[in-house]
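Below, chain A is the first sequence line, B the second, and so on; all start at residue 1.
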There are 2 protein chains.
Amino acid sequence: MELNDYSKEDKVLLALDCIIFGFDNEGLKVLLIKRNFEPEKGRWSLIGGFLKKEEILDQAAIRILNRLTGLDDIFMEQLYTFSKVDRDPVERTLSVAYYALIDIAAHDKKLIQENSAKWFLLEDVPKLIFDHDKMLERAIARLRRRARTKPIGFELLPDTFTMPQLQKLYESILDKKLDKRNFISKVNGLDILVRLDEKDMTVSKKGAFLYRFDKEMYDQKVVDGFNFKI
Amino acid sequence: MELNDYSKEDKVLLALDCIIFGFDNEGLKVLLIKRNFEPEKGRWSLIGGFLKKEEILDQAAIRILNRLTGLDDIFMEQLYTFSKVDRDPVERTLSVAYYALIDIAAHDKKLIQENSAKWFLLEDVPKLIFDHDKMLERAIARLRRRARTKPIGFELLPDTFTMPQLQKLYESILDKKLDKRNFISKVNGLDILVRLDEKDMTVSKKGAFLYRFDKEMYDQKVVDGFNFKI
DNA sequence: TCAAAAGTGTTCACTATACACCCATGG
DNA sequence: CCATGGGTGTATAGTGAACACTTTTGA
């Protein structure tokens, strides 16, 4: 029979690791740091930290993300808890992985430098320490699934963006080419974007209209039974 | 700058709680235990336990499930890690929730009794201790999503089953009525079931053909790019 | 004037859904 | 012989995918 004598139970170290995704005109990227501390000094890893006694996991993840990006109010979701016994060579440590989506233009570049962090295109990610490769793999899989059914893509874009940008984003996430006309008519059919009068003239000569994701309109539609689907 | 002095970091108790789903002709059920130990003695809860130092989470979940059901080789998936600071009144404890799907007929009924456990229809589940309600809610949501895209429903059925049974199962999981003809033609279209010559005569006078889920055929189709979808 | 990116509709195949009657059998 | 649950097909609407030309304008 189970006892309630908690003192007999083993305690463990609990870490968090964050997979931080960003997007720019080169494609979908992930933020990694070059460790200047042991173990595995000099190698690339996800950013992480330990859970503090008085924190809940979400708070700890926010703290860790803020330390590297300077951002708060980041989209973030718990991913999975990794528990292989020897995943950390120093001491038994479990790690709760979180993934986050940020507007790559909005983060604090100085903080990134200070932490010897760097954005990597997904296809250029080096071998990571510990089980961080598995974490990244799982995060990519989750992002792909989520992006199809929740409007989380917008978290990766600035407040206003063009249709070609949005399409490239989804092409990066889903890792396949999409048809321009089908994509635009599908997105417009969702009726959750508002087109501004302004154009972005930096990419093409013709210029591309800017759009904004209308969260209120989206939330209202969800209440009415609408399901986002791309 | 982050340090590698692990000894400064806080350690925590790590529990596991299992949401065990089963299905019979009454519907989709969850297995709960009436606690005969403090805290919250006498109230209903999920079955749980603590992670041991030398275990990975999946092993611990298997151990806990086996203790109550007598089964091994159970379908099981990590769900989420719950971390509210005061979720356990005795001591700061995080809990990793797992959900499991079992054939309700195959489990060990004596073990269930010894542990004062009981199967509850989802709609009859009483208020649970701690944050177990949230765990169950999340497990149901996950089960609903997974059941649409992975053939996990069969984990809840005996080795052989009838079409009406299978349909009732999916109706319970998805919580909506399905059309008999559409359901059958969709399922048959997947081409992952084999119909036996045998009939189940226990429910109707006419009898209903028995089917078996052909895992090899399914796995081969997945390799060939097939996607399960119900 | 031309290169480079933006914008715009239609057709077709397929999938999802709605729907009603006959069959087999034990009691 | 009849009540009960098992089994079967078709028509329609909606969604997803393929596909090509015109517009704008800075260089």
Side-chain angles (χ1 to χ4, degrees), chain A residues 24-27 144-145 147-149 157 160-212 221 224-230, chain B residues 24-27 144 147-149 157 160-212 221 225-230:
Chain A
D24 63 18
N25 50 13
E26 294 182 281
R144 290 218 167 112
R145 267 183 288 125
R148 290 184 160 279
T149 52
L157 293 173
T160 63
F161 48 86
T162 66
M163 276 292 175
Q165 251 183 304
L166 186 63
Q167 184 180 344
K168 271 171 213 135
L169 169 63
Y170 274 93
E171 288 179 339
S172 304
I173 293 176
L174 306 176
D175 197 25
K176 67 174 174 191
K177 279 270 161 223
L178 300 173
D179 179 86
K180 187 165 49 162
R181 281 165 293 185
N182 291 341
F183 181 79
I184 291 176
S185 61
K186 191 184 277 188
V187 169
N188 279 331
L190 297 173
D191 195 31
I192 53 175
L193 297 189
V194 289
R195 191 176 92 169
L196 311 182
D197 289 329
E198 220 175 328
K199 278 190 165 187
D200 170 23
M201 303 302 295
T202 62
V203 178
S204 74
K205 294 156 191 184
K206 187 179 179 182
F209 279 106
L210 287 168
Y211 290 78
R212 185 193 308 279
K221 280 173 164 283
D224 298 345
F226 162 82
N227 269 307
F228 182 90
K229 193 76 198 295
I230 271 189
Chain B
D24 64 16
N25 51 11
E26 295 182 281
R144 291 215 168 114
R148 291 184 159 278
T149 52
L157 293 173
T160 63
F161 49 85
T162 66
M163 277 292 175
Q165 250 184 304
L166 185 64
Q167 184 180 343
K168 271 172 211 133
L169 170 62
Y170 274 94
E171 288 178 338
S172 304
I173 293 176
L174 305 176
D175 196 27
K176 66 173 177 193
K177 280 270 164 226
L178 300 173
D179 178 85
K180 185 165 51 160
R181 283 166 291 184
N182 292 340
F183 181 79
I184 291 177
S185 58
K186 192 184 278 190
V187 169
N188 279 332
L190 297 173
D191 195 31
I192 53 175
L193 296 188
V194 289
R195 192 175 91 168
L196 310 182
D197 289 330
E198 219 175 327
K199 278 190 166 188
D200 171 24
M201 303 302 294
T202 62
V203 179
S204 74
K205 296 157 187 181
K206 185 178 180 182
F209 279 108
L210 288 168
Y211 290 79
R212 186 193 308 279
K221 281 175 165 282
F226 163 83
N227 269 308
F228 182 90
K229 194 74 201 293
I230 270 189

Colleague: Could you tell me which residues satisfy side-chain contact (heavy atoms from CB on, under 4.5 Å) with Asp175(A), sequence neighbours excluded, listed by chain and number?
Modeller: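 Asp175(A) satisfies side-chain contact (heavy atoms from CB on, under 4.5 Å) with Arg144(A) once adjacent residues are dropped.
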Colleague: Anything under 30° is parallel, anything over 60° is perpendicular, the rest tilted; go ahead and classify Tyr170(A) against Phe183(A).
Modeller: tilted
Colleague: Check DNA chain C against residues 174-184 of chain B and give the residues with a non-hydrogen atom under 4.0 Å, in numerical order.
Modeller: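 Contacting residues: Asp179(B), Arg181(B), Asn182(B).
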Colleague: What is the first contacted nucleotide of DNA chain C and what is the last, in 5' to 3' order, if contact means an atom lying under 4.0 angstrom from a heavy atom of chain A?
Modeller: dA5(C) to dG9(C)
Colleague: Checking Asn182(A) now: which residues fulfil side-chain contact (heavy atoms from CB on, under 4.5 Å) with it, not counting sequence neighbours?
Modeller: Asp179(A)
Colleague: To the nearest Å, how far apart are Lys186(A) NZ and dG14(D) P?
Modeller: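 Spelled out: NZ on Lys186(A) to P on dG14(D) is 17 Å.
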Colleague: Looking at DNA chain C, which of residues 189-205 of chain B put a heavy atom within less than 4.0 Å of it?
Modeller: Lys205(B)
Colleague: Run the salt bridge (Lys or Arg N to Asp or Glu O under 4.0 Å) test against Arg212(A) and tell me which residues pass, sequence neighbours left out.
Modeller: Asp159(A)
Colleague: Could you check Lys229(B) against Lys206(B) and say which one's nearest nucleotide on DNA chain C is further toward the 5' end?
Modeller: Lys229(B)
Colleague: Any chance you could lay out the side chain to side chain contact (heavy atoms under 4.5 Å, CB included) test for Met163(B) and Tyr211(B), step after step, and finish with the verdict?
Modeller: CA-CA 7 Å; Met163(B) 277 292 175; Tyr211(B) 290 79; 3.5 Å; yes
Colleague: Run the side chain to side chain donor-acceptor pair (under 3.5 Å) test against Asp191(A) and tell me which residues pass, sequence neighbours left out.
Modeller: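 With sequence neighbours excluded, Asp191(A) shows a side chain to side chain donor-acceptor pair (under 3.5 Å) to no residue whatsoever.
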Colleague: Please report, rounded to the nearest Å, how far the C1' atom of dG16(D) is from the CG atom of Asn227(B).
Modeller: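 That distance rounds to 15 Å.
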Colleague: In chain order, what residues pass the salt bridge (Lys or Arg N to Asp or Glu O under 4.0 Å) check against Glu198(A), with sequence neighbours excluded?
Modeller: none
Colleague: Apply side-chain contact (heavy atoms from CB on, under 4.5 Å) to Lys177(A) and list each qualifying residue two or more places apart in sequence or on a separate chain.
Modeller: Glu171(A)
Colleague: Round to the nearest Å and state the distance from Phe209(B) atom CZ to dG7(D) atom C1'.
Modeller: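 Rounding to the nearest Å, CZ of Phe209(B) and C1' of dG7(D) are 10 Å apart.
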Colleague: With Lys205(B), which residues qualify under side-chain contact (heavy atoms from CB on, under 4.5 Å), at least two apart?
Modeller: none
Colleague: Please list, chain by chain and in numerical order, all residues satisfying side chain to side chain donor-acceptor pair (under 3.5 Å) with Asp197(B), sequence neighbours excluded.
Modeller: none
